[in-house]
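Below: one structure, written as structure tokens.
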Amino acid sequence: MNRYQLYTRMRHAASARHWRGHGVHSPLMYRFVREVAMPLRRRRELPEAIEAWCGTEWRVAEVDSVDALEKATPAGVKTIVLLREPFRSAAERRAFETWFDRTHVVAAHLQGWLVLFFDPKLQKQYFRIRN
């Protein structure tokens, strides 16, 4: 873990507002927080927990960089993309923010993971969730 990752983890812990679903007004995100994020003991178990939670309704993909997000999101398919350790540098954070501005997505930033929900029926939102 580099200094920037340590900085972002401390910043996330200090500024995350949503804990146990408080303040989350989206029914999908509230269910996600209560049924997936809260019961996890280890963050590395998140992909398996999401696949078990969503079943066959959503397509689940895992990526390691912001550049790979474009390839992992086919149009018209309900997709959940997991971005592992989202920000390794300030440049990568800026690249994600630029991508997020031009994309219709619901983002849940858990510490160490960024979970992106691609569904045209959902309203574009960004949640920083304390876990």
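Model, not experiment: these values are computed from the prediction.
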Give the C-alpha distance, both sets of side-chain angles, the deciding distance and a yes or no for ring pair (Phe, Tyr, Trp, His ring centres under 6.0 Å) between Phe118 and Trp58.
CA-CA 9 Å; Phe118 292 88; Trp58 294 77; 9.2 Å; no
Tell me, with the steps shown, if Arg84 and Val63 meet side-chain contact (heavy atoms from CB on, under 4.5 Å).
CA-CA 7 Å; Arg84 184 180 303 130; Val63 295; over 6 Å; no
Assess the residue pair Leu114 and Phe96 against the criterion (side-chain contact (heavy atoms from CB on, under 4.5 Å)); give the C-alpha distance rounded to whole Å, side-chain angles, the decisive distance to 0.1 Å, and a yes or no.
CA-CA 11 Å; Leu114 193 62; Phe96 173 77; 3.3 Å; yes
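Panel note: side chain Asp119, backbone Thr79; no donor-acceptor pair is recorded below 3.5 Å. The backbone N or O of Lys121 sits nowhere less than 3.5 Å from a side-chain atom of His104 that would complete a donor-acceptor pair.
Leu40 approaches Ala49 most closely through the heavy-atom pair CD2-CB, 3.8 Å. The minimum heavy-atom distance between Arg88 and Asn2, with the atom names listed, is O-ND2, 3.0 Å. Contact record, Trp113 with Arg44: NE1-N, 4.4 Å, taken as the closest heavy-atom pair. When all heavy atoms of Val115 and Ile80 are compared, the pair lying nearest together is CG1-CG2, 3.7 Å. For the residue pair Val105 and Lys124, the shortest heavy atom distance occurs at O-CG, 3.4 Å. Here the shortest heavy-atom pairing between Leu28 and Leu122 reads CD2-CD1, 3.5 Å.
In this structure, Leu69 and Val81 have side chains that are in contact, with non-hydrogen atoms separated by less than 4.5 Å. Using a 4.5 Å heavy-atom threshold, the side chains of Phe127 and His109 count as separate. A heavy-atom distance below 4.5 Å is found between the side chains of Cys54 and Val60. Looking only at side-chain heavy atoms (C-beta outward), Ser26 and Gln125 come within less than 4.5 Å of each other. Counting heavy atoms from C-beta on, the side chains of Asp67 and Trp99 never come closer than 4.5 Å.
Between the CG atom in Leu116 and the CZ atom in Phe100 there is a gap of 8.0 Å [rounded to 0.5 Å]. Atom CD of Glu35 and atom CD1 of Ile50 lie 12.5 Å apart (nearest 0.5 Å). In this structure, OG on Ser65 lies 6.5 Å from CD on Glu92, to the nearest 0.5 angstrom. Atom CG of Leu46 is separated from atom CG of Leu82 by 5.5 Å, given to the nearest 0.5 angstrom.
Phe117 does not carry Lys78 over the face of its six-membered ring by the limits of under 6.0 Å from the centre and within 45° of the normal.
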